Amino acid sequence: MADGASPHSDTPARPDTPANRVLAWYDRQGRRLPWRAPPGVRPDPYHVWLSEVMLQQTSVQAAAPYFHDFLVRWPTVHDLAAAPQDAVLAAWAGLGYYARARNLHACARVVSEQYGGVFPGTEKELRKLPGIGPYTGAAIAAIAFDQPAAPLDGNLERVVARLFDVRAELPGAKETLREHLRFLVPEDRPGDFAQGMMDLGATICVPASPKCMLCPLAEHCAARAAGTAERLPAKAAKKPRPTKRCVAFWTVRDDGCVLLRRRPQKGMLGGMLEVPSTDWTEAGWDADSARPHAPANAQWRELPGRVRHGFTHFAFEITVWAGAVPAGTDPGDGQWWPLDRLADAGLPTAMRKIAEHAIKHGAVPEGGDFAAIRAR
DNA sequence: TATACGTGGGT
DNA sequence: TACCCAAGTAT
């Protein structure tokens, strides 16, 4: 809760520590985020948990609309726990890192069924739940339960590395950073301190061209004194990214349905719907090698161009074949999905691109009014 | 410790 | 265009 000592207050001035500077700065900013409770109000652990999972490796801007949608749809952890997994995955579609959605749902079920819907209030207990790792456990403990925990995310890594001029490479330097951070965390308002540090990293102590002139910690900052702030934290070099290719089969039934298939629970896009395709390989496919993988008998037409999509660890390049099949065609291990409800399928972005590509090239049933079909 | 795992925006 | 980066976790 905010109680920064005002000039007219009888409260003795707080010592000039980095934590107090961050807290004073945090109070001054008054930054509002959808999941942030007003000053002095203890936030709902369900909201804190939901937002923290959505924010894992994800920007505030991307997560915000999903956070809102989830709360409207599933106001309590019991509601989320009672939802079918397919619905949760579809609602998560487009946000990425789909294991988060599977773990979110699993976690909701544990909290609902084993904890009576009440999130545990300690880092240790939180860490046992699916999808809650070192960062998220500490963040929930600090923000929702006022525990003196020290969440260390990408923002904090950067702020702490600069504050102490830690030049060792990440991820190796992480424990060093954690040690430094431990001594900064205040007993009072640890949650606000954590959020203040994250805000600082997001708005002032940014990766390129940090705004040191505006920084409340500038006088304490060793990297600023040494002139190294701009290039910290140091990071290990990354591996080159291969390209994987496939042929995707856009299979349209003449009553206006398209064939989709659910992916296995583990691995890329686990549990999500996809456009059936060959395996994804670096070698790629020619017509003769691809044809046997088609999900149905049809006159296949290769659509012009390629769909390209960038994943974290490989580039994805898709050739789309379109084919029409009659009503009654066996979906095999897939399912027929009405084209005019494709937006409800919850396709991950790569698959949405394939669908848009096919629709753009007219691969829809003849006669019907499918011109306005939109994926997603 | 290293790798798999999405996506969109910024430079 | 290409790379970096974002409130990381699981294995």
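Here is the naming used below: chain letters follow the sequence lines, and residue numbers restart at 1 for every chain. Keep in mind that what you see is a predicted model, and the values were worked out from it rather than measured.
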Nearest to the side chain of [X] - [options]?
X: A:Y97; options: C:dA6, B:dC5, B:dT7; result: B:dC5
X: A:R352; options: C:dC4, B:dG8, B:dT7; result: B:dG8
X: A:L269; options: C:dC5, B:dA4, B:dG6; result: B:dG6
X: A:R100; options: B:dG6, C:dT9, C:dC5; result: B:dG6
X: A:K239; options: C:dC5, C:dG8, B:dA4; result: B:dA4

[X] has an atom [atom1]; how far is it from atom [atom2] of [N], in whole Å?
X: A:Q265; N: C:dA10; atom1: CD; atom2: C1'; value: 15 Å
X: A:R231; N: C:dC4; atom1: CZ; atom2: P; value: 18 Å
X: A:W35; N: C:dA6; atom1: CH2; atom2: C1'; value: 11 Å
X: A:F316; N: B:dC5; atom1: CZ; atom2: C1'; value: 14 Å
X: A:L170; N: C:dC5; atom1: CG; atom2: C1'; value: 13 Å
X: A:R158; N: C:dC4; atom1: CZ; atom2: P; value: 15 Å
X: A:E230; N: C:dC5; atom1: CD; atom2: P; value: 11 Å
X: A:L95; N: C:dT9; atom1: CG; atom2: P; value: 15 Å

Have a look at [X] and say if it touches a base, only the backbone sugar-phosphate, or nothing, with a 4.0 Å heavy-atom cut-off.
X: A:P171; answer: nothing
X: A:A350; answer: sugar-phosphate
X: A:M198; answer: base
X: A:P151; answer: nothing
X: A:W49; answer: nothing
X: A:I140; answer: nothing

Contact nearer the 5' end of DNA chain C, comparing A:R127 with A:D153: A:D153
Walking DNA chain C from its 5' end, the first of A:K266 and A:I143 to be reached, judged by nearest nucleotide, is A:I143
For A:N20 and A:R14, indicate whether the former's side chain and the latter's backbone hold a donor-acceptor pair under 3.5 Å. no
For DNA chain B, which residues of residues 50-62 of chain A approach it to below 4.0 angstrom with any heavy atom? A:Q57, A:T58, A:Q61
Residues within residues 307-314 of chain A bordering DNA chain B, heavy-atom distance below 4.0 Å: A:H309, A:G310, A:F311, A:T312, A:H313
Distance-only donor-acceptor hits, side chain of residues 129-148 of chain A, under 3.5 Å, sequence neighbours excluded:
from: A:Y135; atom 1: OH; to: A:E52; atom 2: OE1; distance (Å): 2.7
from: A:T136; atom 1: OG1; to: A:Q56; atom 2: NE2; distance (Å): 2.9

What residue pairs, at least two apart or across chains, pass salt bridge (charged side-chain N to carboxylate O under 4.0 Å, His left out) with a residue in residues 36-47 of chain A? A:R36-A:D199
Salt bridge (charged side-chain N to carboxylate O under 4.0 Å, His left out) contacts in which one or both residues fall within residues 108-137 of chain A, not counting sequence neighbours: A:E125-A:K128
With A:H309 via ring-ring contact (aromatic ring centres under 6.0 Å, His included) - residues at least two apart: A:F311
ring-ring contact (aromatic ring centres under 6.0 Å, His included) involving A:H105 - partner list, sequence neighbours excluded: none
CD (A:E219) with more than 12 external heavy atoms under 6.0 Å: no
Is it the case that over 12 heavy atoms from other parts of the model lie below 6.0 angstrom from the CG atom of A:N297? no
Review item, side-chain donor-acceptor pairs of residues 317-330 of chain A, under 3.5 Å, at least two apart:
from: A:E317; atom 1: OE1; to: A:R308; atom 2: NH1; distance (Å): 2.7
from: A:T319; atom 1: OG1; to: A:R306; atom 2: NE; distance (Å): 2.8
from: A:T329; atom 1: OG1; to: A:P326; atom 2: O; distance (Å): 2.5
from: A:D330; atom 1: OD1; to: A:G332; atom 2: N; distance (Å): 2.8

Listed partners of A:A37 passing side-chain contact (heavy atoms from CB on, under 4.5 Å), at least two apart: A:V41, A:P43
